[in-house]
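Single-structure report; data block below.
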Amino acid sequence: MKQGQVMDLGLPEGMEMVHYGDSVEITRRWFSCVNIFFTVFTLFWCGFLVFWYVMAAQSGSLAMLLFPLLHVTVGIGLFYYTLAGYLNKTYVRADWSTLSVRHAPLPWFGNRTLDARDIKQIYVKEHISRSRHGSTSTTFEVHALTHSGKNLKLLAGLPNSEQALFIEQEIEKFLHIEDVPVRGEYG
């Protein structure tokens with residue numbers, strides 16, 4: 001390999017890629033070890049609510065029935081989030097006219113479609129979150145920079161740089177976009 005040349009990234013774990021001739025589709029499954037934690041947590045959360053409502057029904061107290069409604073809402077959200085972690089995949093598809101990002105089978109926010117001819121650059125950003133207690137977590141985002149200067153987030157919450165950089169590499173390769181540095185990009 002010549003100096004200055006960059007080696008192509010191989011297919012990261014948890015991802016698939018299919019070329020259809022006139023398009024390419026990268027699929028990323030959502031499941032990770034975090035889903036096991038959320039499964040256990042959600043079971044305890046919802047189990048406590050079932051126990052609470054059995055007690056409330058036996059007591060006949062309206063206040064006991066109404067008190068945990070906020071907790072029920074959180075439980076529904078936890079259940080949906082956990083189920084999405086097991087079932088959902090993200091599909092990034094590029095053809096000569098569009099670049100689309102879809103999450104399925106459960107509906108999720110972040111779906112988008114862009115005109116592929118308007119994309120000037122694809123790049124990766126690192127996102128570091130800090131808790132009040134000083135711990136940090138790092139995820140990665142894939143962004144598109146358009147010819148009109150718009151910066152659009154395509155994907156967020158990717159657990160490692162390899163997945164994000166692979167998506168960048170393959171979309172740029174397919175759309176024949178020369179990889180140039182973007183201010184604020186990862187690496």
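Distance SG/C46 to CZ/F79: 7.5 Å, rounded to 0.5 Å. Note: I119 CD1 to L114 CG = 5.0 Å, rounded to the nearest 0.5 Å. L83 CG to L78 CG: the interatomic distance, rounded to the nearest 0.5 Å, is 12.5 Å. From K89, atom NZ reaches atom CH2 of W30 across 12.5 Å, with rounding to the nearest 0.5 Å.
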Using the salt bridge (Lys or Arg N to Asp or Glu O under 4.0 Å) rule, take E141 and K125 through it: C-alpha gap first, then chi angles, then the decisive distance, then the call. CA-CA 5 Å; E141 303 171 347; K125 289 181 82 170; 5.4 Å; no
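Side chain of N88 to main chain of L106: a donor-acceptor pair is present (N/O by atom type, distance under 3.5 Å, no hydrogens or angles). The backbone N or O of M17 sits nowhere less than 3.5 Å from a side-chain atom of E25 that would complete a donor-acceptor pair. W45 contributes a side-chain N or O that, together with a main-chain N or O of H71, makes up a donor-acceptor pair within less than 3.5 Å. Checked by atom type and distance alone, the side chain of N35 pairs as donor or acceptor with a backbone atom of S32 at under 3.5 Å. In terms of modelled atom types and a separation under 3.5 Å, the side chain of Q121 and the main chain of V180 share a donor-acceptor contact.
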Identify every side-chain donor-acceptor pair in residues 98-105 under 3.5 Å, counting partners at least two apart or on other chains, and give the distances.
unit_1: T98; atom_1: OG1; unit_2: D95; atom_2: OD1; d: 3.2
unit_1: T98; atom_1: OG1; unit_2: D95; atom_2: OD2; d: 3.4
unit_1: R102; atom_1: NH1; unit_2: R112; atom_2: O; d: 3.4
unit_1: R102; atom_1: NH2; unit_2: T113; atom_2: OG1; d: 2.5
unit_1: H103; atom_1: ND1; unit_2: T90; atom_2: OG1; d: 2.8

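Ring geometry for F140 versus Y186: interplanar angle over 60°, hence perpendicular rather than tilted (30 to 60°).
A cation-pi arrangement, defined by a distance under 6.0 Å to the six-membered ring centre and an angle within 45 degrees of its axis, is absent between R29 and Y86.
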